[in-house]
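Order of the sequence lines fixes the chain letters, A, B, ..., with proteins taken first and strands second; residue numbering starts at 1 for each chain.
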2 protein chains.
Amino acid sequence: MYEHTDKERLLLAVDCIVFGFDGEKLKILLIKRGFEPEKGKWSLVGGFLKKNEVLHDAATRILTLYTGLDDVYMEQVGTFSDIDRDPEERTVSTAYYALINIKNHSQKLNRQFSARWFSVEEAPPLIFDHDKMVRYALDRLKIKAETEPIGFELLPEKFTMRQLQNLYEAIWNVSLDKRNFISKVRSLDILEKLDEKDMTSSRKGSFLYRFDAEKYRTVERNRASLNL
Amino acid sequence: MYEHTDKERLLLAVDCIVFGFDGEKLKILLIKRGFEPEKGKWSLVGGFLKKNEVLHDAATRILTLYTGLDDVYMEQVGTFSDIDRDPEERTVSTAYYALINIKNHSQKLNRQFSARWFSVEEAPPLIFDHDKMVRYALDRLKIKAETEPIGFELLPEKFTMRQLQNLYEAIWNVSLDKRNFISKVRSLDILEKLDEKDMTSSRKGSFLYRFDAEKYRTVERNRASLNL
DNA sequence: ATAATAAGTGTAAATCGTACACAAAAAATC
DNA sequence: GATTTTTTGTGTACGATTTACACTTATTAT
């Protein structure tokens, strides 16, 4: 019950799992901590909730601080409360995941915070319970990708079919049949095929596509399933 | 960044959306608050996180306090942080939902806390942001029900096919075809048909079923989909 | 005997998912 | 300039799943 003696005030942190995609592999943004505790080890980007701030704003603030980006897709993953997760003081942390497009991503972050992209499989061990947060965030991303088209957030404006397929293969850690993938994506009718070709990937070149924002929103509203 | 001046300690509450099922409708457990603020209004059951307690334990503790039940299925829904959600003091709250079987449910709770079951559609307006919490919890329950057999938690040991169908109809707010429903459920092979009949619902009587815990766990492990 | 009520049961059509292989374009190399 | 290399791009057939759909049965109440 709401008895006064039980009320304990504690620190509430926010940690962000920043997912990015480079056309090949799914990546997360990590920083080498320049401060105690655990100075020198890799961690998620994070900070503390301020008095007159809601969690989502705190997550956005932290993301902007570390990446220079705003207007980023973010979603709450969950709140982690193990007693000794932070050795300094009892701290509960709410994790958010963000989806960002690596190409839009200024390089200043590297200099300031020793931030680096790691592919999800090759990331180093993280401090505190951050590995657990990443696992939860990945699970959420996998589920999200089943019912909502997340490419808008993770891919550059123009991309090839191969890149789109790589994205889903990376998220679900599966390999998909090219023909089935393409026909499924086509049936969703949210892509616009451009006349341009990307010539970097092959001699033949591959056509570029773009999301059709209009159709895309319709699909989002209908929660159309992307069962690949 | 983790600068000391930004650290603000605040209260962390836990609120529980307790779902129950009476064979007909999906219900939630609400209490009429006997304490300020908002004394006399309806709210979720809740409390504050203690210093040496993790969130899940706090949610369990609160549920046991109000219902006398332990060993209940619970899952974190999310953390709600609107600045003025609690008028007394800045309080962030993590919501959990619980699934309980109303029939197992002792009646002592009613006496002690003016707790009552309300069908989800007919619930009164709740204090603070509790209505929002209920909406989120319902969304989570809907998604959960798509991939995991939740009947074990919500139904009495023996139940009729009609009750099972009512449960899914109530959660998803749809009407399902009886024949398709039954053949789908049968194909999952997690139910045991008993020789007993329930005679309360019709003159003919309807056979009772029971979950086969062994098979049930296999299905859970395989994350078999219950696409009804 | 008859009426009323809910239980119980099967099939056909449509949709969706999956498996699968070869030709075309262009550049690089000889 | 012919050949090799590489990646793109495309269609179909089969099986599985989902959906739509209606009548009989058992029993009690009248």
A:L194 CG to D:dG9 P, straight-line distance once rounded to whole Å: 12 Å
Quick one, A:Y96 with A:V14, criterion side-chain contact (heavy atoms from CB on, under 4.5 Å). Give me CA distance, side-chain angles, the key distance, then yes/no. CA-CA 7 Å; A:Y96 278 75; A:V14 176; 4.1 Å; yes
So which atom in A:V92 and which in A:R85 form the shortest heavy-atom distance, rounded to 0.1 Å? C-NH1, 4.1 Å
List the atom of A:D82, the atom of A:K132, and the distance in Å for their closest heavy-atom pair. OD2-NZ, 3.5 Å
Would you call the rings of B:F211 and B:F152 parallel, tilted or perpendicular if under 30° counts as parallel and over 60° as perpendicular? parallel
A:R162 side-chain N/O to D:dT7 phosphate OP1/OP2 under 4.0 Å: no
Donor-acceptor pair between B:Y73 and B:K144 side chains, under 3.5 angstrom: yes
Minimal heavy-atom distance between A:I150 and A:Y168, with the atoms involved, is N-OH, 3.9 Å
Rounded to the nearest Å, what distance is computed from the NZ atom of residue B:K184 to the P atom of nucleotide C:dG10? 19 Å
Protein-nucleotides 24-26 of chain D N/O pairs closer than 3.5 Å?
{"unit_1": "D:dT25", "atom_1": "O2", "unit_2": "B:K204", "atom_2": "NZ", "d": "2.9"}

Stepwise salt bridge (charged side-chain N to carboxylate O under 4.0 Å, His left out) check, B:E38 with B:R33: CA-CA 7 Å; B:E38 302 277 7; B:R33 280 166 75 98; over 6 Å; no
Rounded to whole angstrom units, what separation is found between the CD atom of A:Q165 and the P atom of D:dT7? 14 Å
Atom pair distance, as rounded to whole Å: CD in A:E146 and C1' in C:dG17: 14 Å
Could you run down the sub-3.5 Å N/O contacts of the protein with nucleotides 10-16 of chain D?
{"unit_1": "D:dT10", "atom_1": "OP2", "unit_2": "A:R186", "atom_2": "NH2", "d": "3.1"}

Hey, is CG on B:N173 packed in by over 12 heavy atoms from elsewhere, all under 6.0 Å? no
Could you walk me through whether A:E157 and A:K103 satisfy the salt bridge (charged side-chain N to carboxylate O under 4.0 Å, His left out) test, starting with their C-alpha distance in whole Å, then the side-chain angles of each, then the deciding distance to 0.1 Å, before giving a yes or no? CA-CA 10 Å; A:E157 196 205 341; A:K103 295 281 160 61; over 6 Å; no
Atom CG of A:L176 and atom C1' of C:dT18: how far apart are they, to the nearest Å? 12 Å
In whole angstrom, give the distance that lies between atom CZ of A:F181 and atom P of C:dC16. 18 Å
To the nearest angstrom, the CD-P distance between A:Q163 and D:dT7 comes to 14 Å
